[in-house]
Q: 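I have a structure I would like to understand better, so I am pasting it below and will then ask my questions one at a time.
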Amino acid sequence: MSNTPANDTPLTIAGKQYASRLLVGTGKYKDNEQTRLALEASGAEIITIAIRRTNIGQNPDEPNLLEALPLDRYTLLPNTAGCYDVDDAVRTCRLARELLDGHKLVKLEVLGDEKTLFPDALQTLKAAQILVDEGFDVMVYTNDDPLIAKELENIGCVAVMPLAAPIGSGLGIRNPYNILTIIENANVPILVDAGVGTASDAAIAMELGCDGILMNTAIAAAREPVLMASAMNKAVQAGREAFLAGRMPKKRFASASSPIEGTFF
Amino acid sequence: MINILLNGEQTSLQPNMTVSDLLEKMGLQDKRLAVEINLDIIPRSEYQSTRLNQDDKVEIVQAIGGGQHRIKALKPTQ
């Protein structure tokens with residue numbers, strides 16, 4: 001499981017502390033059992049869920065994911081996956097809050113384009129304002145524009161989540177300098193969300209100083225999801241420790257590691 | 001009988017059914033759900049006292065596994 005390094009503070013979102021900086025989505029797995037095992041291997045404490053119509057009449061006894069998971073271990077983060085406008089996103093969050101007995105933490109995403117699944121920045125800002133005004137704790141998916149990220153923070157979002165690359169693309173962090181700028185200017189947790197493909201991508205994000213990472217496809221679409229979940233768990237910890245340790249500077253030329261005095265040749 | 005739109009499907013019901021009655025009829029009474037009628041969310045405490053009327057647009061939703069899918073979102077029913 002995840003441990004907070006000695007010189008670190010736990011990830012704190014909306015006043016609650018978490019030992020794990022890896023957040024995981026629950027979609028795209030083979031079945032509920034694989035989902036359960038992957039989540040466990042990941043060490044994640046926050047997991048995202050979607051809100052959808054109940055199957056009526058077709059299969060009312062179909063095993064529901066939430067019934068297969070040890071819910072006391074996880075904080076559920078309902079998201080607005082698939083929403084392309086403000087109304088749908090806000091409506092989804094309100095339904096999620098009702099469904100989960102007043103649970104206020106939500107992940108907001110308002111998509112702008114079906115091919116890239118990039119967030120619609122203007123709609124996202126509007127939806128965020130409405131949700132914050134209604135008392136939600138909003139973690140918000142956004143692009144890597146530092147101005148938009150800061151504005152979402154100013155609106156009152158509890159965490160800002162810039163994408164590394166398009167959802168499900170596995171391309172890794174496309175623009176590390178933008179992510180770095182966002183992190184340096186932020187007073188709320190910054191979690192990279194979307195586009196991570198493999199363990200090194202996760203480590204790189206943490207080395208930039210991200211407070212956490214959210215991923216789904218990187219684990220679910222791996223050949224061995226449970227093993228990848230374990231890799232991601234370690235990568236997030238390794239990246240965080242490297243960040244806290246403070247890396248050496250990059251140099252143009254070599255710098256020998258062994259002394260010259262005492263050479264016998 | 002009255003007709004309602006239930007999760008996008010035309011459905012016939014006995015008149016004067018409550019939300020509780022409907023959930024029981026569907027075998028959903030013990031599930032973790034949210035119910036919306038004509039875009040208004042019905043609190044759980046009001047399921048027993050809220051009746052369904054002709055032409056109501058009802059959505060019954062639940063939490064499912066999801067990261068980011070291209071599934072159709074809830075559309076405001078017309």
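Just so it is clear, the model here is predicted, and its values are computed rather than measured. What's counted below: heavy atoms across the whole structure, side chains too, no hydrogens, waters or symmetry copies.
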Q: Checking Leu33(B) against chain A: side chain, backbone, both or neither under 4.5 Å from a heavy atom?
A: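 Both parts, backbone and side chain.
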Q: Are any of the side-chain heavy atoms of Asp101(A) and Arg32(B) separated by less than 4.5 Å?
A: yes
Q: Say you draw a straight line from CD1 of Ile64(B) to OG1 of Thr26(A); how long is it, rounded to the nearest 0.5 Å?
A: 8.0 Å
Q: Please say whether more than 12 non-hydrogen atoms of neighbouring residues, nucleotides or ligands are located less than 6.0 Å from CD in Gln14(B).
A: no
Q: Show the nearest heavy-atom pair for residues Leu99(A) and Val61(B), with the distance to one decimal.
A: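 Shortest heavy-atom contact: CD1-O, 4.1 Å.
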Q: Donor-acceptor pairs under 3.5 Å, side chain of residues 121-131 of chain A to any protein atom, not counting sequence neighbours: which ones?
A:
residue: Thr124(A); atom: OG1; partner: Asp120(A); partner atom: O; Å: 2.7
residue: Gln129(A); atom: NE2; partner: Asp133(A); partner atom: OD1; Å: 3.3

Q: In Å, rounded to the nearest 0.5 Å, how long is the span from CG of Asp87(A) to CG of Leu39(B)?
A: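 Taking CG in Asp87(A) and CG in Leu39(B), the distance rounds to 9.0 Å.
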Q: Quick check: do Arg52(A) and Gln62(B) have side-chain heavy atoms less than 4.5 Å from each other?
A: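 No, every pair of side-chain atoms sits at 4.5 Å or beyond.
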Q: Check Gly8(B) against Arg53(A) and note the closest heavy-atom contact, atom names and distance.
A: N-NH2, 3.6 Å
Q: Is it the backbone or the side chain of Ile42(B) that comes under 4.5 Å from a heavy atom of chain A, or both, or neither?
A: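 Only the backbone of Ile42(B) comes within 4.5 Å of chain A.
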Q: Taking atom CD of Gln48(B) as the centre, does the number of heavy atoms from other residues, nucleotides or ligands within less than 6.0 Å exceed 12?
A: no
Q: Measure distances from Leu100(A) to the heavy atoms of chain B and classify the residue's part below 4.5 Å as side chain, backbone, both or neither.
A: both
Q: Where do Ala63(B) and Leu66(A) come nearest, in terms of heavy atoms and distance?
A: CB-CD1, 3.6 Å
Q: Does a side-chain heavy-atom distance below 4.5 Å link Leu28(B) with Thr54(A)?
A: yes
Q: Could you check Glu36(B) against Arg94(A) for salt bridge (charged side-chain N to carboxylate O under 4.0 Å, His left out), going step by step and ending with a plain yes or no?
A: CA-CA 10 Å; Glu36(B) 197 193 61; Arg94(A) 289 173 182 153; over 6 Å; no
